[in-house]
Amino acid sequence: MKSKIVVALAGNPNSGKTTIFNNLTGARQHVGNYPGVTVERKEGFLRHGDTELKIVDLPGTYSLTAYSAEELVARNFLLDEMPDVVVDILDASNLERNLYLAVQLMELGVPLVLAFNMSDMARARGYEFDIEKISRYFGARIVQTTGNKGGGMKELLDAIVLTAGKSESGVDNAGNGRPAAISYGPELEEEIATIEALIKMANSLNGKYDARWLAVKLLENDRELRKAVASPEVHAQIEKSAAHVEKTLGEQPETTIAGCRYGFISGVCQEAARSTIEIRHTMSDRVDAVVTNRVLGLPIFLGLMYLVFQLTFTLGDPPMGWLEALFGWMGEQMAGWWPEGSESLLKSLLVDGVIGGVGGVVVFLPNILLLFLAIAILEDTGYMARAAFIMDRLMHKIGLHGKSFIPMLIGFGCSVPAIMATRTLENRRDRLTTMMVVPLMSCGARLPIYALIIPAFFPQAWHGPMLWIIYVIGVLLAVASAKLLRLTVLKGESVPFVMELPPYRLPTLKGVLIHMWERGWLYLKKAGTIILGISILLWAMTTFPGLSAEESSRYEKARQAVAMENIGEEEKAEKLAALDNAEKEAALRGSIAGNVGHALEPLLKPMGFDWKIGTALIGAFAAKEVFVAQMGIVYAMGEADEESETLRDKLKGTYSPLVGFCIMLFCLVSAPCMATIAVTRRESNSWRWALFQLGGLTLMAYVLTVIVFQTGRLLGIGI
Ligand SMILES: Nc1nc2c(ncn2[C@@H]2O[C@H](COP(=O)(O)OP(=O)(O)OP(=O)(O)O)[C@@H](O)[C@H]2O)c(=O)[nH]1
Ligand SMILES: [Mg+2]
């Protein structure tokens, strides 16, 4: 007999849901050692025996009374779509707190399996569980798992299939009996009973939920369900009951309800969990005393980031050189397919457009991989959560809380998921503020620009520090802009929040490599698709319309004249080459891109940019890497000889270090790419905010770059 079941993976944030989801389905969803990584539900399929399972990975949630957008996703799925089995994934090394959600799932009466994940950590901390007892209390099967090592997956699948009541033999075999019922004490129970009766009478929500459960939820002041229940009698009774409870117990019903649930959990743990070793000060605590220290915390964070950037350059340089050489060689080989001096359009397209553009971008793959390797290690060990904790203090001062820093950290990778990650912020003002400033966190697509510019203009010893300075400028600007927004358009109280610190973990090699590769692959894929397309478009724009026949013949005549001249061979060759270059340059100036660039020149000049940089900046709006591609194309086209120096040398010969710095500054601050604007529009649900972000950042970039360039010029720095 074949059957299909839907399985939901629920659990507290950072308990390992996605890790297990990936294990089960073979997917590669993002896993990170801090809460709030998954913000949308993800689906995957697998088959176990005769059963087909659809597995749904949900965002982490502490309770079924959801407050933030991503908690709502989890809650709505559990309540409305009624999966066949709910697997609650718990962090067994932190059982008491994690059981809070389990209790609510138990009350909801869904077919439940408890996965005691991180059982390795629990064991290391000396916890022992009487699994059978706990299983009986909750009326649910329990499986001990170690998600990051794939331990217990088969057992988990067995338990899921059994719980769905569709075992291979087809025998109904659900559950381990009825779960324990939680008693909320005489006072509350009476009110619950009254409301329950009213609900049944009014047939609220058409009996979709169990009446007692609904009564408890309503007393708990569950906003969503209160909105959903229409009956005025029920509402009136809730108000009355709540007032009564407050009077007699001196607290709101929700507080009493939570207290009773914790009481239940505490009882379960007394009975069935014990700790064999008393570890007061764990290793984590000792490390935390140093890295989250009030004084040392920030310098340590900045120091670590500095190391990361230094590494990105020093280790990345040799392989980058190899790739550069490889693409140079490929260009020459390709050019060799045509006779010497050929003006074939196809040759120009392949050599200048594709190799010059896409090749120029791919060259930086090693740097990208290294940066993301380092970030993955910092993330997986749990250090990044500490960084957020340290920033929390700073953030409070600017009217945001540390939770905003997680999206910002993700922003170092790419602004698009970062903006989606703002869903963890409950307050819309916090969320919008964070969304607006996230693009200032320098994303991975900008790295190639820095990797191109920095070595071209700055001495070796400055490579790491320079990159670090750029990133720090981004963070400082983000913080300052957030403050500004909070003082003006997004004024208001911020929500109190306690940042939690996940335990330190030794990252697994596989996990870290997967993270690194995901990024690298994304980069390559982008190079092969978007960047390739835009490179071809930009190539066409820099090629056409080309010189008129009249002008071409003028250059041809000049060449003939030189050939006739009575001078040495060497001098002649030099003169001819100069003419060739002049012709190319003239064609470039007359091209569509040249015309657009020139039209913009009055605007670009105050920043020290010429029209070539201008066209590259326009291209960068589609995707930041295009800046590098377009510079490659323009400089390949403007040169007559094929096997000339690298793009970097050409830049060095053309611009000053001050201009180099200004390019990086402008690219860091200016309008993010199209994808970012689109996702801001979607997540803020308004074009106004998206355009505000676009305009605001562009303006800020312009003003800052003009100031820096003009000041630098006046003071004679870097010119
Ligand atoms: N030591 C240990 N670490 C684990 C185990 N399972 C998962 N992890 C690690 O725990 C961290 C969090 O894992 P995720 O799968 O992202 O957690 P999640 O529950 O999906 O988190 P959110 O999406 O934020 O709610 C990662 O660093 C995992 O590598 C385990 O059994 N033992
Ligand atoms: Mg997840």
Side-chain angles (χ1 to χ4, degrees), residues 8-25 27-42 44 55-63 66 68-75 77-78 87-95 97-98 101-102 114-125 127 143-153 155-156 282-284 375-386 388 403 406-407 409-410 417 420-425 499-515 518:
L9 302 185
N12 285 12
N14 204 32
S15 64
K17 294 173 297 300
T18 305
T19 310
I20 291 187
F21 175 80
N22 289 350
N23 279 340
L24 293 178
T25 61
R28 287 225 191 129
Q29 290 300 331
H30 191 74
V31 170
N33 189 7
Y34 43 72
V37 177
T38 309
V39 291
E40 283 181 316
R41 57 184 244 220
K42 295 277 159 56
I55 312 260
V56 184
D57 181 25
L58 295 174
T61 172
Y62 292 108
S63 85
S68 57
E70 96 279 10
E71 276 186 325
L72 263 178
V73 172
R75 167 207 160 102
F77 186 81
L78 293 172
V87 180
D88 181 7
I89 294 171
L90 302 99
D91 173 356
S93 66
N94 216 332
L95 194 64
R97 187 167 72 168
N98 276 255
L101 180 66
L114 302 182
F116 279 25
N117 194 35
M118 316 235 170
S119 48
D120 53 333
M121 303 278 291
R123 214 167 306 121
R125 292 196 183 175
Y127 292 122
V143 184
Q144 306 211 49
T145 56
T146 35
N148 57 344
K149 305 224 170 58
M153 292 302 124
E155 291 81 356
L156 183 59
T282 56
M283 194 59 186
S284 263
I375 290 184
I377 293 175
L378 289 181
E379 254 181 38
D380 288 6
T381 49
Y383 178 78
M384 280 304 194
R386 269 75 189 176
K403 227 176 176 181
I406 298 271
L409 282 177
I410 298 176
M420 281 165 66
T422 59
R423 290 182 193 177
T424 51
L425 299 166
M499 193 74 204
E500 55 185 299
L501 297 180
Y504 286 103
R505 295 194 185 107
L506 206 60
T508 59
L509 186 66
K510 193 175 140 212
V512 169
L513 288 181
I514 286 180
H515 277 172
E518 276 168 354

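Read the numbers this way: they start at 1 and go in the same order the structure lists the ligands and their atoms.
Applying the side-chain contact (heavy atoms from CB on, under 4.5 Å) criterion to T146, with sequence neighbours excluded, gives S119, D120, N148, K149. Annotation: side-chain contact (heavy atoms from CB on, under 4.5 Å) contacts of A376 (sequence neighbours excluded): V512, H515.
Applying the 4.0 Å criterion to heavy atoms of G147 picks out, from ligand 1, the atoms 5 (C), 6 (N), 30 (C), 31 (O). In the vicinity of T19, heavy-atom distances shorter than 4.0 Å reach the ligand 1 atoms 7 (C), 13 (O), 14 (P), 15 (O), 28 (C). Per-residue contacts place M121 under 4.0 angstrom from the following atoms of ligand 1 (heavy atoms of the residue considered): 1 (N). For ligand 1 and K17, the ligand atoms under 4.0 Å from any heavy atom of the residue are 15 (O), 17 (O), 18 (P), 19 (O), 20 (O), 21 (O), 22 (P), 25 (O).
For ligand 1, the polar-atom distance check against D57 finds no nitrogen or oxygen pair separated by under 3.5 Å. Note: an N/O pair closer than 3.5 Å links G60 and ligand 1 by distance alone. Among the atoms of N148, some N or O lies under 3.5 angstrom from an N or O of ligand 1. Annotation: P13 places no N or O atom under 3.5 Å from an N or O atom of ligand 1; distance criterion only.
Nearest heavy atoms, G147 versus N117: N-OD1, 2.8 Å.
Checked against I20 for a side chain to side chain contact (heavy atoms under 4.5 Å, CB included), the options D57, T25, T145 give a single hit: T145. Remark: of the listed residues D91, L95, D88, L95 is the sole one forming a side chain to side chain contact (heavy atoms under 4.5 Å, CB included) with F116.
Between L101 and N12, some side-chain heavy-atom pair lies under the 4.5 Å cut-off.
Using a 4.0 Å heavy-atom cutoff, G11 is absent from the residues neighbouring ligand 1.
Checking side-chain atoms of S93 against main-chain N and O of M121 turns up no donor-acceptor pair under 3.5 Å.
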